[in-house]
*Asks:* 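One structure is given below, represented as structure tokens, and several questions about it will come after.
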Amino acid sequence: MDPNVQNYLYRNPQFYELAYPETNDETPMMCRRMFSRYLPKPPRSILDLGCGTARDLDSLSKECPDCWGVDYLAEVIGFARKQRPHLHLQSGDARHVRLDRTFDVIMSMGSAFMYALTDTDVARTLETFVAHSHPGTLLILDINNAASYLGGEHFKPTSELRVDSPQFTAEAHSIYSFNRRQQTLARRRVWTIAGQGKVEDFCEYRMFFPAELEHLLSERGFRVAGMFDNMRLQETDLCGPRLYVPAIFHP
Ligand SMILES: C[S@@+](CC[C@H](N)C(=O)[O-])C[C@H]1O[C@@H](n2cnc3c(N)ncnc32)[C@H](O)[C@@H]1O
């Protein structure tokens, strides 16, 4: 595993959805909003790069049977396959994977694209998007919004997370720091887990600014169709902490 991903929840994927519940199917609902806004007809195929437990893909597969997911971590994919055997799931690296086909939608949600830390990683990941796109393919990215930190008032150097379920009871304390030269954000997190004591994990994320991302995408033929800091896809001044980006492939 890359040293930048030492996440307790990735090693224990059965707890991922308990720690990050999505009770109202928010992410797939936002994807559906993008499908109706940016595609001429509902997608017939979807590829999720960095799919994790494939929760989003599972929901979208109700309307689109040809759903594929790729994740770096074999243990996450092993868990997802058992839970969701109707999906095409495989382990692979978004920087290199080639499935030798194209999709109507490519998505990379929950910050998965931010694991491309270096310019080389970013370029390779973008090439993977290109390799699986045809004219009109809708690419959807869900990442941190680096622009929300401009002005400084939105950055919180620590955060707390509490999970209280019969299967998993834990508290996590996170400390965030920037490497401004590399344009990365690091998170050191200490879990206090019932029955296990303390466990530490560490993640590092590449930060992208809206105009920078638009440039990177347009260089590869993806025309950015909007940039939103909310899942309702309303126009704002992008001060919110997330960035949701639909882009259409027009090579
Ligand atoms: C925060 S999780 C998000 C999972 C899922 N997209 C979601 O929103 O629920 C990020 C995922 O990206 C995966 N990932 C990180 N780097 C990757 C790479 N180079 N190729 C494929 N998957 C990657 C991690 O293994 C992890 O499962």
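All of these numbers come straight from a predicted model, not from anything done at the bench. Counting starts at 1 for both ligands and their atoms, in listed order.
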*Asks:* Can you list everything that forms a side-chain contact (heavy atoms from CB on, under 4.5 Å) with Asp119? Sequence neighbours excluded, please.
*Replies:* Arg206
*Asks:* Please determine whether any non-hydrogen atom of Ala54 lies less than 4.0 Å from an atom of ligand 1.
*Replies:* no
*Asks:* So is there a nitrogen or oxygen of Val70 less than 3.5 Å from a nitrogen or oxygen in ligand 1?
*Replies:* no
*Asks:* Using the side-chain hydrogen bond (donor to acceptor under 3.5 Å, both in side chains) definition, which of the options Lys198, Arg162, Glu171 pairs with Thr192?
*Replies:* Lys198
*Asks:* Do the ring centers of Phe228 and Tyr244 come within less than 6.0 Å of each other?
*Replies:* no
*Asks:* Just go through Ser111, Gly92, Gly110, Ala74 and tell me whose heavy atom is the nearest to atom 8 (O) of ligand 1.
*Replies:* Gly110
*Asks:* Considering Tyr20, Phe113, Tyr72 one by one, which has a heavy atom nearer to atom 22 (N) of ligand 1 than any of the others?
*Replies:* Tyr72
*Asks:* Does Glu63 come within less than 4.0 Å of Arg32, counting only side-chain N to carboxylate O?
*Replies:* yes
*Asks:* Strictly under 4.0 Å, does any heavy atom of Cys51 approach an atom of ligand 1?
*Replies:* yes
*Asks:* Just going by heavy-atom distances, which of Gly50, Pro13, Gly69, Ala116 is nearest to atom 6 (N) of ligand 1?
*Replies:* Gly50
*Asks:* Would you check whether Leu49 reaches within less than 4.0 Å of ligand 1, judged by its heavy atoms?
*Replies:* no
*Asks:* Tell me whether Arg37 forms a cation-pi arrangement with Phe35, defined as NZ or CZ under 6.0 Å from the six-membered ring centre and within 45 degrees of its axis.
*Replies:* no
*Asks:* Could you pull out all residues at least two apart from Asp58 that satisfy salt bridge (Lys or Arg N to Asp or Glu O under 4.0 Å)?
*Replies:* Arg84
